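Proteins come first, then strands; the chains are lettered A, B, ... in the order of their sequence lines, and each starts at number 1. Only a predicted model underlies this, so the values are computations on that prediction, with no experimental measurement involved.
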Amino acid sequence: MFNLIDKLTGWMDKMAEGSARRMALSTGRRSFLAKTGTVIVGGALLPVLPFDRTFGAMPAQAAEVDEFSCEYWRYCALDGNLCNSCGGTLTQCPPGSEASKVSWVGTCKNPVDGKDYLVSYNDCCGRTECDNAPFCNTNQGERPGYRMGLHNDVNWCMANASVGYHCTVAVLVGLAE
Amino acid sequence: MFNLIDKLTGWMDKMAEGSARRMALSTGRRSFLAKTGTVIVGGALLPVLPFDRTFGAMPAQAAEVDEFSCEYWRYCALDGNLCNSCGGTLTQCPPGSEASKVSWVGTCKNPVDGKDYLVSYNDCCGRTECDNAPFCNTNQGERPGYRMGLHNDVNWCMANASVGYHCTVAVLVGLAE
Amino acid sequence: MLKLTHVAFGALLAAAPAALAEDAFKPEQVSVKETIDPGPNVFVYQQEWRGAGSLAIFAQDNLKLKGLLPTGSMGQMLIAPDGKTAWAQSSYLKRIVYGPNEQVLQTFDVDKLTVKGEAILPPKAAMALGYSALLRLSSDGKLIFVQNATPAASVTVADAATGATLQEIPTPGCWGIYPLPGKSGFAAICGDGTFSTVTVSADGKTASAEASAPIFNPDADPIFIEDESYDGALYFVSYKGVLLKLDMSGKTVAKLDTAELTTGVEGGWAPGGYQLMSIDPKIGVLFIQMHPDAKDGSHKLAAQEIWAYDLKAKKVLSRSKVSDISSLVVSKSDKPVVFGSTEVGKLFRFETDPAAGYALKPAGEATLTGFPRTLDLVE
Amino acid sequence: MLKLTHVAFGALLAAAPAALAEDAFKPEQVSVKETIDPGPNVFVYQQEWRGAGSLAIFAQDNLKLKGLLPTGSMGQMLIAPDGKTAWAQSSYLKRIVYGPNEQVLQTFDVDKLTVKGEAILPPKAAMALGYSALLRLSSDGKLIFVQNATPAASVTVADAATGATLQEIPTPGCWGIYPLPGKSGFAAICGDGTFSTVTVSADGKTASAEASAPIFNPDADPIFIEDESYDGALYFVSYKGVLLKLDMSGKTVAKLDTAELTTGVEGGWAPGGYQLMSIDPKIGVLFIQMHPDAKDGSHKLAAQEIWAYDLKAKKVLSRSKVSDISSLVVSKSDKPVVFGSTEVGKLFRFETDPAAGYALKPAGEATLTGFPRTLDLVE
């Protein structure tokens, strides 16, 4: 037991040290996903939880909402400032900042194709918090820290060299049906 | 000339190192004032400028304004957060902070006795800026930094060990007629 | 060589002599207030993510601000049961938002508002929104527990007197710190729906853990991490409004009872916010933040009502309309006072009416700054 | 010894397998944008007094935010004439608001938004509200001048390429830094109404100073420290609205001309705010923030109107109503664009109509944070 914990946390910490870019380049991710039902997003091993349909559905007008609004479909579990309003894009951190090495994941329905996508919310790090950008606090499928990979009340810059929180991107990393 | 500058700035820096309390206890201040027309406030030598009456007068209702409002008469040249709304009083810094060793001076008319008072605006230092308290920005007689003793756009915690700006008190240090 | 051929000392020498009145005027003296005003306090942690947060101390009776204690960024606060000592865990980056991060545990004297000491923690402490379950004191008051996330979860155990780190306990997949009654240690909520009971040795240096049976379903109806103790039990509430009553005193955490807050109520009401509930043990009443039309993702919405719920009778006593309260705390009194904070900078004080099911009446407000999500009070 | 008798890895292992579609979905990859978007920029320094300030860069044409550069607290910004390099002087206290203060000069690459270097300054730099005259580049671009206040005034001279401190020049009773045209050095405004011309040696290590004749009356009608250059002269404005045209090119500063902005205008209008005026040299028009009912102490009031003043014809061309603009900057264009900031977090963009005396028309806005009191732009 003890060995397992040591191994796991040791491995996880080591994973966390790897760069997001290196992980993202791994071509084996999708097959890994299919095999284990887990997602490696920027270095952390995260559970892929089925979208909780207990509560209501997406608003009808979601398709018309642009990506600079908190109502945009990808932002269904985002808690932070939009990087695309701070010099970045939907998936790019603003120049000079760093992408977080670890991230949390949401499951959001794309109103155009009706499919549920896994969205990695990477924080961008090492720059002053970008309060110039819209602050969004949506929480579909969000869980407290006991399901860390689904938790958005922590600073996901935690594993970076510079932990200052700047803003958040929303990156499509998988399909969940 | 050069010696004089060295002496003056050296002396001033040395003065600035002295504590506000020590200076305030000096009983010789008022006679010093009368003699030189200058004020030592918390360690800095400041000019006593006559109240500029070029522009308008105090509002008529000033006498009824309480000391927790920016309109209170003592605050006529204050730029900062009121310490009496942050755990201090009109003349006391909040517990845990330090009174600034240097300060700027305003000349404010007391609507009760009609007299002009010299008011030392000491910043309180070494604590988080107290934005819980009202922020006042009045500027009667205020001058840019070329009249430093009348300037309120700098952090007057500058000569303290901890320079974090917390809030500002308004201390009556003289009468100007 | 600097050659100054003119005199321009400005503020130093160029003074126009003023006529000074030779009357009875006595100069005032600037000073520093020695201690805060006496009387019971409300503590609010004003968190910042790009600079210094602060721990604000208000008078319970009129919300007069008694002073601020300074912290770093992304921190948590902790108040001793006697209200005389406070702690904060927070981050100090070399360049505030970049560069090496020094995570510090500060110890404060509440009466004097001084920093009594600081200790450097292992650089793993969770940089999280304010939650009281992330920085805790052991029930004997000797140890401080700090929630870590790297993102792997663990707990740093520190000496409450010195701040010195004694050990780091891995708590993989578990979160929150719930001090065990009558012994040294804590429980944590785990992602599989169990609780882990971690017992810490007397010297604070070793620990053992024991899992409970399943307590809740984290997929179907997860629980908030906010806890409240009453009558020897610990209460949690789920996203859908199920109240859990737990026994923390055994080797493992055991479920004693459950109750549905919203049974028979129309409108899709559910609990929501951050520090979303508080129990007044004198009267056995839970005050909880509720919002209507609940759906997946609405669990952090601010309250549109605060409900007073009788824990013994298991029924809602009153429902009071409020504006955007996202965290609250209630005093321990026969006639409780509720303090609630908004996300946009207000602290509200509500008196309650025992004759009207402890319905809330607005009775004061004050200005807050930053992200004020944790409140505490000591009578 | 930690003895865990249960598995509760939560996020690590307790994963419910999801059905994954085997279609054409191609995962996106998170990355970092390499450079900011091309095109002319507006720079706004967002000052903070309890944490990290930032230098915000907006597109001139649509106010889209291109990114932020990080600074410490109570800082100043400086932009190179080519707009490719920026500097900031700011304070980094060990505990953000208390403890030893390290005053840092950062050098930034504007296109990449990177910190190219930092140098530690003598710990005397003025911790002042944002004013462009407090951090300046010499006219040859080789030296940086930093305004100090202990409160004794002096100027630190640093190497613009390395940030290294070369000397500290005492400037007792004088304030503001106005680079001399065509040579190394600066002028400063002195409290007796003169200007001091400080010439700095080629290696930046020594200096000499020369006083002017009286230029203004600091008691009767003080001048703001904001300066604007046009047609080889430097312009200042007084509290009462007298425009001073100064020659900085000689051994001492000389007054060339004065003009009263408000002659013949009813309503007690006067200039006010922080960075309160800006000249478009292409058309020789000054844009200046004005407020009515001026009185002692009103000189920092935000603008209720912005006036366009023809410097050659010496007349007001237009008066445009605005809301609470406290600082502004104008582009160098035949059809200038005015950018104005408020104290409450807005950046406004105004287009001007040459046919209507360059009257302002609102044409865009963006959100600002902190205390945004200095603006700059490069075409």
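For the pair A:T128 (side chain) and D:G53 (backbone), a donor-acceptor distance under 3.5 Å is present. The main-chain N or O of D:S54 is never found under 3.5 Å from a side-chain atom of A:R127 such that the two would form a donor-acceptor pair. Here the side chain of A:Q92 pairs no donor or acceptor atom with the backbone of D:S31 at under 3.5 angstrom.
No side-chain heavy atom of D:V30 sits under 4.5 Å from any side-chain heavy atom of A:T91. Looking at heavy atoms from C-beta onward, A:P95 lies in side-chain contact with D:K33 at the 4.5 angstrom threshold.
Between A:L175 and D:F25 the shortest heavy-atom distance is CD1-CB, 3.6 Å. Residues A:G126 and D:P70 share a closest heavy-atom pair of O-CG, 4.5 Å. Taking all atoms of both residues into account, the shortest heavy-atom contact from A:A170 to D:E28 is O-OE1, 4.1 Å.
Contacts between A:H166 and chain D at a heavy-atom distance below 4.5 Å involve the side chain alone, from C-beta outward. Of the two parts of D:T35, only the backbone, made up of N, CA, C and O, holds a non-hydrogen atom closer than 4.5 Å to a non-hydrogen atom of chain A. Contact of A:A133 with chain D is not made at all, since no heavy-atom distance falls under 4.5 Å. Looking at A:N84, only its backbone comes within 4.5 Å of chain D, counting heavy atoms on both sides.
Within 6.0 Å of NZ in D:K84 there are 12 or fewer heavy atoms belonging to other residues, nucleotides or ligands. Atom NZ of D:K346 has more than 12 neighbouring heavy atoms from other residues, nucleotides or ligands inside a 6.0 Å radius.
For the atom pair CG of D:L65 and CG of A:L82, the computed distance is 12.0 Å after rounding to the nearest 0.5 Å. Put simply, CG on A:N132 and CG on D:L347 are 9.5 Å apart, with the number rounded to the nearest 0.5 Å.
Counting heavy-atom pairs closer than 4.5 Å to chain D, the top-ranked of the candidates A:S85, A:C93, A:C83 is A:C93. Heavy-atom pairs under 4.5 Å with chain D peak, among A:S97, A:C130, A:P134, A:C86, at A:C86.
Neither side chain, D:Q46 nor A:D131, offers a donor N or O lying under 3.5 Å from an acceptor on the other.
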